[in-house]
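For the numbers below, each heavy atom of this structure counts, side chains included, while hydrogens, waters and symmetry mates do not.
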Amino acid sequence: MKLIVFFFLLGLVLGIPVAHRVVEWLLNVGLLPDDVNIIILTPVEFIMLQVKVGAWLGAGFAILALLIDAAWQSGLAKKTPRPARTVIITTILAILLTAAGLIYSWYLLTPMLLEYLATDAQAAGLSTEWRLSSFIGFIVSLCLACAIGFQAPLITLLSLQSGAIDRETLLEFRRHIWFITFVLGAAFSPPDPLSLFLVAIPIILLFEAALIWDNFTGESTGVNS
């Protein structure tokens, strides 16, 4: 718990100073649809946005800390001579999965959804003026949801290999895991059905892929026996 709190505070401290540059970059990177204006409605909106960016970064660091701890426990459970080796492999995989999630969000989800939402509003004859916090929050929450969600196969395999849960129990509660995935997808993704499905479905597919991989390799068998 101390490690999680430390990483969260570290992300918060690092995120607030760089938030100004992040916002400026997002406004000029070409994601903003045509005929959409960005506005600020309250004097403290930009300051609060910087705090949110720091909190989002801190949450990402905290998830990484949990994965590292789970990897260490997995290495101990399998009686690996060097559990640190498991930690290094897990960290590398976590970074690769995070990069995959960010690429999926940045190049597919974000531009498609922003264009769809702007076009839909403009087709109804509405003036498209978006709040700065909502625009940045939309992009960052999508990236964060995908970056965390794409850790599903790693979390599943670590849980099985460390003995935290056995395969039979996981299969028994598969439908519940699917449901929780949609609930968490709704919490992290923007509040529209399209975003929810585009975030949740890849995570479920990755979870199922992890189960297939575990069944193929049989790595969790020795832990549970």
Side-chain angles (χ1 to χ4, degrees), residues 4 7-8 11 31 52-53 55-67 69-71 74 90 93-121 130-131 133-162 164-216 220:
I4 293 173
F7 274 101
F8 177 80
L31 287 176
K52 286 183 180 180
V53 171
W56 284 325
L57 183 60
F61 283 175
I63 295 294
L64 179 60
L66 283 173
L67 289 174
D69 181 68
S74 175
T90 299
L93 290 176
I95 293 174
L96 291 176
L97 288 170
T98 298
L102 292 176
I103 291 173
Y104 173 73
S105 172
W106 183 259
Y107 289 102
L108 179 63
L109 284 187
T110 302
M112 180 180 66
L113 290 176
L114 286 175
E115 189 65 33
Y116 165 75
L117 294 172
T119 303
D120 189 50
W130 293 346
R131 290 184 60 176
S133 58
S134 298
F135 174 68
I136 302 298
F138 183 92
I139 297 173
V140 176
S141 62
L142 268 182
C143 290
L144 183 62
C146 291
I148 295 176
F150 272 53
Q151 307 301 319
L154 187 58
I155 295 172
T156 302
L157 292 174
L158 288 175
S159 299
L160 289 170
Q161 294 172 12
S162 64
I165 189 172
D166 57 84
R167 182 179 177 83
E168 290 71 21
T169 303
L170 200 61
L171 293 176
E172 180 181 354
F173 288 94
R174 174 186 283 175
R175 290 178 296 178
H176 301 80
I177 294 174
W178 284 29
F179 176 75
I180 292 173
T181 300
F182 277 101
V183 172
L184 293 178
F188 280 98
S189 65
D192 64 274
L194 183 59
S195 299
L196 169 60
F197 276 92
L198 290 176
V199 169
I201 294 301
I203 297 173
I204 291 175
L205 293 177
L206 288 170
F207 165 72
E208 293 295 329
L211 290 178
I212 294 173
W213 175 262
D214 178 74
N215 183 54
F216 178 74
S220 61

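Contact annotation: the side chain of Ile139 approaches that of Trp106 to within less than 4.5 Å [non-hydrogen atoms, C-beta and beyond]. Between Phe207 and Leu170 the shortest side-chain heavy-atom distance falls below 4.5 Å. Leu211 is listed as a side-chain neighbour of Leu171, based on a closest heavy-atom distance under 4.5 Å.
Separation of atoms CD1 (Ile180) and CD1 (Ile203) is listed at 12.5 Å; rounding is to 0.5 Å. Atom CG of residue Leu198 and atom OH of residue Tyr104 lie 5.0 Å apart, to the nearest 0.5 angstrom. Taking CD1 from Ile103 and CG from Leu108, the interatomic distance works out to 12.0 Å, rounded to the nearest 0.5 Å. To the nearest 0.5 Å, atoms CD1 (Ile136) and CZ (Arg131) are separated by 12.5 Å. How far CG of Leu102 is from OH of Tyr107: 10.5 Å, rounded to the nearest 0.5 Å. One distance of note links CG of Leu109 with CG of Leu114; it measures 10.0 Å at 0.5 Å rounding.
With sequence neighbours left out, the side-chain contact (heavy atoms from CB on, under 4.5 Å) criterion links Leu205 to Ile201. Scored by the side-chain contact (heavy atoms from CB on, under 4.5 Å) test, Ile95 finds Thr91 as partners (sequence neighbours excluded). Scored by the side-chain contact (heavy atoms from CB on, under 4.5 Å) test, Ala100 finds Phe150 as partners (sequence neighbours excluded). Considering only residues two or more places apart in sequence or on other chains, Ala210 meets the side-chain contact (heavy atoms from CB on, under 4.5 Å) condition with Pro153, Thr156, Leu157.
Within 6.0 Å of the CH2 atom in Trp178, the count of heavy atoms belonging to other residues, nucleotides or ligands does not exceed 12.
Across all non-hydrogen atoms, the minimal contact from Thr181 to Ala200 is CG2-O, 3.9 Å.
Listed by first and then second residue, the salt bridge (Lys or Arg N to Asp or Glu O under 4.0 Å) pairs that reach into residues 195-210 are Arg174-Glu208, sequence neighbours excluded. Listed by first and then second residue, the side chain to side chain donor-acceptor pair (under 3.5 Å) pairs involving residues 145-155 are Thr98-Gln151 (not counting sequence neighbours).
Under a 3.5 Å cut-off, the side chain of Ser105 and the backbone N or O of Gly101 do not form any donor-acceptor pair. A side-chain donor-acceptor contact under 3.5 Å links Ser141 to the backbone of Phe138.
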